Amino acid sequence: MKFVDEVRIFVKAGDGGNGAVSFRREKYIERGGPNGGDGGNGGSVVFVADPQLTTLLDYRYQQHHRAKNGEHGMGSDCNGRAAEDMVLKVPVGTLVKDANTGELLVDLSETGQRWVAAKGGRGGLGNMNFATSTRQTPRFAQDGTKGEELTLRLELKLLADVGLLGFPNAGKSTFISRVSRARPKVADYPFTTLVPNLGMVQYKDGLSFVMADIPGIIEGASEGVGLGHQFLRHVERCKVLIHLIDMGAEGEGRSPLHDFNVLNAELGKYSPELASKPQVVAANKLDLPDAQARLEGFTEALRERGIRVYPVSCATGEGMQPLMDSVAEVLFTGRTEKLHVEIPAKAVRAGKAKAKVAEKKASASSADAATAKAATKKAPASLVGAATVKAAVKKAPARKAGAAAATKKSAATKKSAAAKKAVTKKAPARKTGAAAKTSAARNAGTAAAKKASTRKSGTGTTKKVATKKAPARKSGTAPVKKSAAKKASARKSGSSGKAAAKKASAAPKRAPARKSGGRRS
């Protein structure tokens, strides 16, 4: 029989029957009234867990399942017949999920467990249910409701107590055929077992348990190498796992310890819960010549981890009874003392040394991380300080330049004032009584020139700096050339006085009066 453990099906419950519209018609009976019956209910779709089934093969070829509809109501107060429920039998351990959302709807893990997947429609009421004192002849009835329909995905997880795990051609099928009545195919090539096999193991004192043999697992099964992880779900319900290690494995990189590590790594990638189940390690194929030589190193390596190794030979039956005793003890009592051994003192010391080294590395890494965090926290502050220093350095020359400019401007103003005083002092000595009017005109011209300069300087704030710097530059000459500067200023004042003499005639005569009055005194 072909093994199928996953299918997709469509189920639909039956619709309810419609109510009837009918009236009583008999001889000598007038106005007999309504007598339409009700419709029958539609059939529901029900799943039942059957222990006699081990596969979902029946649902691979028949994927649509529809229950019957209820019968319609009839006259003479006759109701329609309700349809029977459709019962779908599935193996014990079947998971029913919604195909669209993937939500788990029910886990049929007990024998005889029932679950209604789609409920049938309700039958409609006939017109006799709507007759009242004021409405004695209702000419309508109620229709039946529709049945539910949905698409489901069925997944089978075999109910086994013990699971066999190992690389392909490790001897799992031979093992289950020796301890039970299961007869799987046995051949000398990898992946002989393509589907899981169940076997009932008859133990001592009438005790029995179910053992599951699944296809081999190789390195990279989590990425789909070989048959992948698709059959590991059949051992998820197992209480004990038997790791069957091939002691005569041949091939590149193959060794008993490597195979054991790969098996545990693949189990951890599939499900950490499955990897944490009790494991019984069996070293198989001791009848081969090289197996005894490899057994000592493999046993010593696992002893350092505290794991006991059971050497067996499935072909000859050697060591099978101690192995089955340990499996039964773990299964029925839950004690796992026989699966572990005392770790040697050397291994304990080596483990402690490794732990200390790991702690030191961890502390060093944490210290480095803390230092890096502190450095990252301090870096912005240092950057801000550097930026502040740069800004101060940039501002300092500006301040110094401003102070120097201010000192230069003050010196220039003092020199210009001294020059003006010298001019005013020399002017009366040169002037005569006949040239009094011309000096008054010159003084008026200088006053007008000052007013013009003040007006020009007040035109805009942007020109103030230029007007201030210009006299500073002109007045900032060497002190040795003071006499030349005085003569130049006198000449400039004289030329400006001639030009302003013409404007003085048009200007008000108050300024000359004030100047002349000042000189008379």
Side-chain angles (χ1 to χ4, degrees), residues 1-17 38-71 80-124 144-161 163 195-198 200 209-210 212 214 229-239 270-271 273-274 277:
M1 180 182 293
K2 185 178 181 181
F3 180 81
V4 178
D5 60 350
E6 185 174 355
V7 293
R8 180 188 178 99
I9 64 174
F10 172 81
V11 296
K12 184 184 184 306
D15 301 334
D38 301 337
N41 296 330
S44 302
V45 180
V46 182
F47 285 93
V48 179
D50 189 356
Q52 301 298 325
L53 299 177
T54 58
T55 179
L56 298 173
L57 180 64
D58 297 339
Y59 301 99
R60 171 61 62 87
Y61 304 105
Q62 186 179 356
Q63 299 179 356
H64 292 264
H65 302 271
R66 302 175 186 271
K68 293 183 179 180
N69 300 329
E71 291 185 354
R81 181 190 297 178
E84 295 182 356
D85 295 338
M86 174 176 280
V87 179
L88 302 178
K89 295 182 179 182
V90 294
V92 179
T94 301
L95 304 178
V96 183
K97 298 182 180 180
D98 190 339
N100 298 323
T101 61
E103 178 186 2
L104 177 62
L105 303 178
V106 67
D107 183 4
L108 302 174
S109 58
E110 298 179 2
T111 301
Q113 184 177 354
R114 295 172 63 92
W115 178 69
V116 179
K119 191 175 182 180
R122 181 176 177 273
T145 60
K146 299 291 183 180
E148 297 178 351
E149 59 181 32
L150 67 161
T151 304
L152 302 174
R153 189 173 76 250
L154 307 182
E155 295 182 2
L156 176 60
K157 285 186 178 181
L158 296 179
L159 293 181
D161 301 311
V195 296
N197 297 292
L198 292 179
M200 180 65 70
F209 55 88
V210 180
I214 66 171
H229 282 168
Q230 59 177 329
F231 294 110
L232 279 179
R233 65 169 173 266
H234 295 294
V235 296
E236 285 184 348
R237 303 180 190 268
C238 296
K239 298 178 182 178
Y270 177 78
S271 172
E273 183 180 357
L274 181 60
K277 291 181 179 292

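These numbers were taken from a predicted model, which means no experiment stands behind them. Note that these values count all heavy atoms, side chains included, but never hydrogens, waters or copies made by symmetry.
Atom NZ of Lys12 is surrounded by more than 12 heavy atoms from other residues, nucleotides or ligands within 6.0 Å. Atom NZ of Lys239 is surrounded by 12 or fewer heavy atoms from other residues, nucleotides or ligands within 6.0 Å. At most 12 heavy atoms of other shown residues, nucleotides or ligands fall within 6.0 angstrom of atom CZ in Arg122. Heavy-atom contacts from other residues, nucleotides or ligands closer than 6.0 Å to CD of Glu6 number more than 12.
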Output a table of donor-acceptor pairs, distance under 3.5 Å, between side-chain atoms of residues 152-159 and any protein atom two or more places apart or on a different chain; print 'none' if there are none.
{"from": "Arg153", "atom 1": "NE", "to": "Glu155", "atom 2": "OE2", "distance (Å)": "3.1"}
{"from": "Arg153", "atom 1": "NH2", "to": "Glu155", "atom 2": "OE2", "distance (Å)": "3.3"}
{"from": "Glu155", "atom 1": "OE1", "to": "Lys97", "atom 2": "NZ", "distance (Å)": "3.4"}
{"from": "Lys157", "atom 1": "NZ", "to": "Glu236", "atom 2": "OE1", "distance (Å)": "2.5"}

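A donor-acceptor contact shorter than 3.5 Å links the side chain of Asp15 to the backbone of Gly147. In this structure a side-chain-to-backbone donor-acceptor pair under 3.5 Å is missing from Gln62 to Asp58. Listed for the Asn69 side chain is no donor-acceptor partner under 3.5 Å among the backbone atoms of Gly42. No donor-acceptor distance shorter than 3.5 angstrom exists from the side chain of Thr151 to the backbone of Phe10, with no hydrogens or angles considered. Judged by distance alone, with hydrogens and angles left aside, the side-chain atoms of Asp107 form no donor-acceptor pair with the main-chain N or O of Leu95 at under 3.5 Å. Remark: the backbone N or O of Cys238 is paired with a side-chain donor or acceptor of Lys277 at under 3.5 angstrom. Under a 3.5 Å cut-off, the side chain of Asp85 and the backbone N or O of Ser44 do form a donor-acceptor pair.
Listed here is the closest heavy atom pair of Gly43 and Ala67: O-CB, 3.2 Å. Looking at every heavy atom in both residues, Ala212 comes nearest to Leu198 through CB-CD2, 3.7 Å. Across all their heavy atoms, Glu148 and Ala117 have their closest contact at OE1-O, 4.1 Å.
Proximity of Val106 to Phe47: side-chain heavy atoms (C-beta onward) are nowhere separated by under 4.5 Å. At a threshold of 4.5 Å between non-hydrogen side-chain atoms, the residues Asp98 and Leu150 do not count as touching. Contact of the Leu56 side chain with the Asp5 side chain is not registered, since no non-hydrogen atoms from C-beta on lie closer than 4.5 Å. For the pair Thr54 and Pro91, the minimum side-chain heavy-atom distance is 4.5 Å or more. No side-chain heavy atom of Tyr59 sits under 4.5 Å from any side-chain heavy atom of Val4.
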_Does Leu53 form a side chain to side chain contact (heavy atoms under 4.5 Å, CB included) with Val90? I'd like the steps, not just the answer._
CA-CA 7 Å; Leu53 299 177; Val90 294; 5.6 Å; no

